[in-house]
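Presented below is the structure to which this report refers.
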Amino acid sequence: MGRTQFPKSQSAAEDAEELTHECKELLLPLPKERGWRTPHIYLYQGFWCQPKEIQAITNFQHHFQARDTDLILATMPKAGTTWLKAMAFAILNRKPIPVSTTHPLHTSNPHDLVPFLEYKLYANNNFPDLSKLPQPRLFATHVPFASLPESITKSNSRVVYMCRNALDAFASSWHFLMKARPESLGPISIEEGFQMYSYAGYWKESIERPHKVLFMKYEDTKEDNIFQLKRLVKFLGVPFSLEEERKGVIEEIARLCSFENLKNLEVNQSGRSIGYFENKDLFRKGVVGDWVNLLTPLMAKQLVQVMEEKLEGSDLSFKVF
């Protein structure tokens with residue numbers, strides 16, 4: 001599969017021109033704040049979005065028809081999305097496409113192999129025909145569980161959710177989005193960006209319906225990738241055979257999909273697989289605890305408080321170092 005090339009970043013005015021009348025009407029009553037890449041972001045269904053994202057999300061919600069065999073990779077931004085896409089693609093395709101120097105991950109960015117529903121397939125007011133894609137279909141999204149279409153939530157399709165501690169996710173997001181922020185909007189301070197960041201998760205669904213949602217943590221996957229790969233293949237219903245374990249297939253996939261390997265591949269050093277963002281900017285450090293180099297103690301304390309409030313009453317916790 002070849003890489004899809006996207007145009008250079010558009011101005012805020014050009015973005016606005018591409019909004020439909022219906023979307024503009026939808027935005028009018030929504031709360032809004034200053035945005036990171038666009039002049040404003042809007043509070044839509046409980047989470048903050050850029051205008052074009054809201055248009056794509058509504059199209060996705062109204063027109064996507066899930067199949068029982070579908071796999072949806074859901075993540076919060078900068079929480080290991082590219083990594084999870086690589087692992088899922090390599091796992092599901094390991095029989096017809098064994099790990100080798102000609103593997104698609106050597107020539108295609110993971111975002112081209114596992115497309116975003118709202119950022120690629122339904123972006124720019126597109127309505128793709130996905131009915132002819134081979135099964136199982138593999139898609140990705142940043143949309144919270146409550147905003148997924150009913151065809152996903154009420155079908156037998158499966159959802160894998162990976163999240164990251166809010167401190168590192170915020171720090172990584174700030175670095176990432178500042179590189180795509182148009183100069184015409186001027187600089188934005190870390191403090192302003194911090195106020196716009198919100199934590200979301202699929203934890204409740206993974207507890208109530210473990211057959212439906214697998215909850216993975218970035219920190220746990222960094223600590224023991226092999227164990228998390230085994231969790232993933234078991235959830236997907238394609239566990240490693242004894243023969244595969246004997247041949248070291250698990251370790252081969254772990255090496256192929258490692259942050260370090262993906263970052264250094266030539267295909268990930270140039271081009272754009274997600275609209276406004278350079279592929280090389282998808283990989284920064286990928287470490288746990290790097291937030292200490294960006295956040296002040298007060299900001300970290302505030303973000304921890306927000307995280308604890310959102311997780312109150314659950315058994316969910318995160319490693320931040």
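One finds a salt bridge joining Lys52 and Glu18 here, because a Lys/Arg side-chain nitrogen approaches an Asp/Glu carboxylate oxygen to under 4.0 Å. Under 4.0 Å is where a charged nitrogen must lie from a carboxylate oxygen, and between Glu219 and Lys222 no such pair does. For Glu252 and Lys247, the salt-bridge test fails: no basic side-chain N is under 4.0 Å from an acidic carboxylate O.
Exactly one residue among Phe89, Tyr122, Tyr119, Phe64 makes a ring pair (Phe, Tyr, Trp, His ring centres under 6.0 Å) with Phe139. That residue is Phe64. With Cys49 as reference, Ile54 is the one residue of Leu43, Ile54, Leu30, Leu27 to meet the side-chain contact (heavy atoms from CB on, under 4.5 Å) rule.
You'll find the side chain of Tyr161 stays beyond 4.5 Å of the side chain of Leu73, heavy atoms only. His142 is listed as a side-chain neighbour of Glu118, based on a closest heavy-atom distance under 4.5 Å. Within the 4.5 Å cutoff, side-chain heavy atoms of Pro110 are placed close to those of Thr82. Residues Leu113 and Lys85 fail the side-chain proximity criterion, which asks for heavy atoms closer than 4.5 Å. Taking the side chain as every heavy atom from C-beta outward, Asp68 and Ser157 never approach each other to under 4.5 Å. The shortest distance between side-chain heavy atoms of Val267 and Thr107 does not fall below 4.5 Å. Phe235 places a side-chain heavy atom less than 4.5 Å from the side chain of Arg158. Residues Thr81 and Met162 are not in side-chain contact: their nearest non-hydrogen atoms beyond the backbone lie 4.5 Å or more apart.
Residues Val238 and Val99 are members of one and the same hydrophobic cluster, defined by side-chain heavy-atom contacts under 4.5 angstrom among Ile, Leu, Val, Met, Phe, Trp and Tyr. Hydrophobic clustering (ILVMFWY, side-chain heavy atoms < 4.5 Å, transitive): Leu19 and Phe127 are in distinct clusters.
Side-chain contact of Gln45 with Ser147: a donor-acceptor pair under 3.5 Å is present, judged by distance alone.
One distance of note links CE of Met216 with CG of Leu232; it measures 5.0 Å at 0.5 Å rounding. Here CH2 of Trp83 is found 13.0 Å from OG1 of Thr75. Values are rounded to the nearest 0.5 Å. Within the model, atoms CD1 of Ile253 and CG of Asn93 stand 10.0 Å from one another, a figure rounded to the nearest 0.5 Å. Here Cys257 contributes atom SG and Asn225 contributes atom CG; the two are 8.0 Å apart, rounded to the nearest 0.5 Å. To the nearest 0.5 Å, the span separating CD on Glu53 from OG1 on Thr58 amounts to 12.0 Å. With rounding to the nearest 0.5 angstrom, the CG atom of Leu262 is 9.0 Å from the NE2 atom of His106.
Other residues, nucleotides and ligands contribute only 12 or fewer heavy atoms inside 6.0 Å of the CD atom of Glu150. Residue His211 places its NE2 atom among more than 12 non-hydrogen atoms of other residues, nucleotides or ligands, all under 6.0 Å distant. A 6.0 Å sphere centred on CZ of Phe227 holds no more than 12 heavy atoms belonging to other residues, nucleotides or ligands. In this structure, Leu28 places its CG atom where more than 12 heavy-atom neighbours from other residues, nucleotides or ligands lie under 6.0 Å away.
Checked by atom type and distance alone, the side chain of Asp129 pairs as donor or acceptor with a backbone atom of Ser131 at under 3.5 Å. Judged by distance alone, the side chain of Glu208 and the main-chain N or O of Glu205 form no donor-acceptor pair under 3.5 Å. Although no hydrogens or angles enter the test, the distance criterion places a donor-acceptor pair under 3.5 Å between the side chain of Arg137 and the main chain of Leu130.
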Going through the checks in order, is the side-chain contact (heavy atoms from CB on, under 4.5 Å) test met by Asp224 and Ile226?
CA-CA 6 Å; Asp224 192 341; Ile226 299 298; 4.0 Å; yes
Evaluate the side-chain contact (heavy atoms from CB on, under 4.5 Å) criterion for residues Glu33 and His40: first the C-alpha distance (whole Å), next the side-chain angles of each, then the deciding distance (0.1 Å), finally the verdict.
CA-CA 5 Å; Glu33 296 286 349; His40 296 97; over 6 Å; no
side-chain contact (heavy atoms from CB on, under 4.5 Å), that's the test. Do Gln228 and Asp220 meet it? Break it down for me.
CA-CA 8 Å; Gln228 296 302 323; Asp220 292 347; 3.8 Å; yes
Side chain to side chain donor-acceptor pair (under 3.5 Å), that's the test. Do Lys212 and Thr153 meet it? Break it down for me.
CA-CA 8 Å; Lys212 176 72 177 180; Thr153 60; over 6 Å; no
Passes side chain to side chain donor-acceptor pair (under 3.5 Å), Ser151 versus Gln65? Steps please.
CA-CA 6 Å; Ser151 68; Gln65 293 299 315; 4.8 Å; no
Using the side-chain contact (heavy atoms from CB on, under 4.5 Å) rule, take Phe240 and Arg94 through it: C-alpha gap first, then chi angles, then the decisive distance, then the call.
CA-CA 10 Å; Phe240 292 113; Arg94 69 183 189 272; 3.7 Å; yes
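Contact between Ala90 and Leu105 at its shortest, heavy atoms only, is CB-CD1, 4.3 Å. Of all heavy-atom pairs between Leu236 and Val160, the closest is CD2-CG2, 4.3 Å. For the pair Leu26 and Pro29, the tightest heavy-atom approach, listed with the atom from each and the gap, is O-CD, 3.3 Å. Contact record, Arg255 with Asn261: O-CB, 3.3 Å, taken as the closest heavy-atom pair. Considering all non-hydrogen atoms of both residues, Leu229 and Met87 come closest at CD2-SD, 3.7 Å. Taking all atoms of both residues into account, the shortest heavy-atom contact from Thr20 to Gln55 is N-OE1, 2.7 Å.
Checked against a 6.0 Å centroid threshold, the rings of Phe116 and His111 count as neighbours.
Applying the side-chain contact (heavy atoms from CB on, under 4.5 Å) rule to Ser206 yields the partners Trp203, Val213, Phe215; only residues at least two apart in sequence or on another chain are considered.
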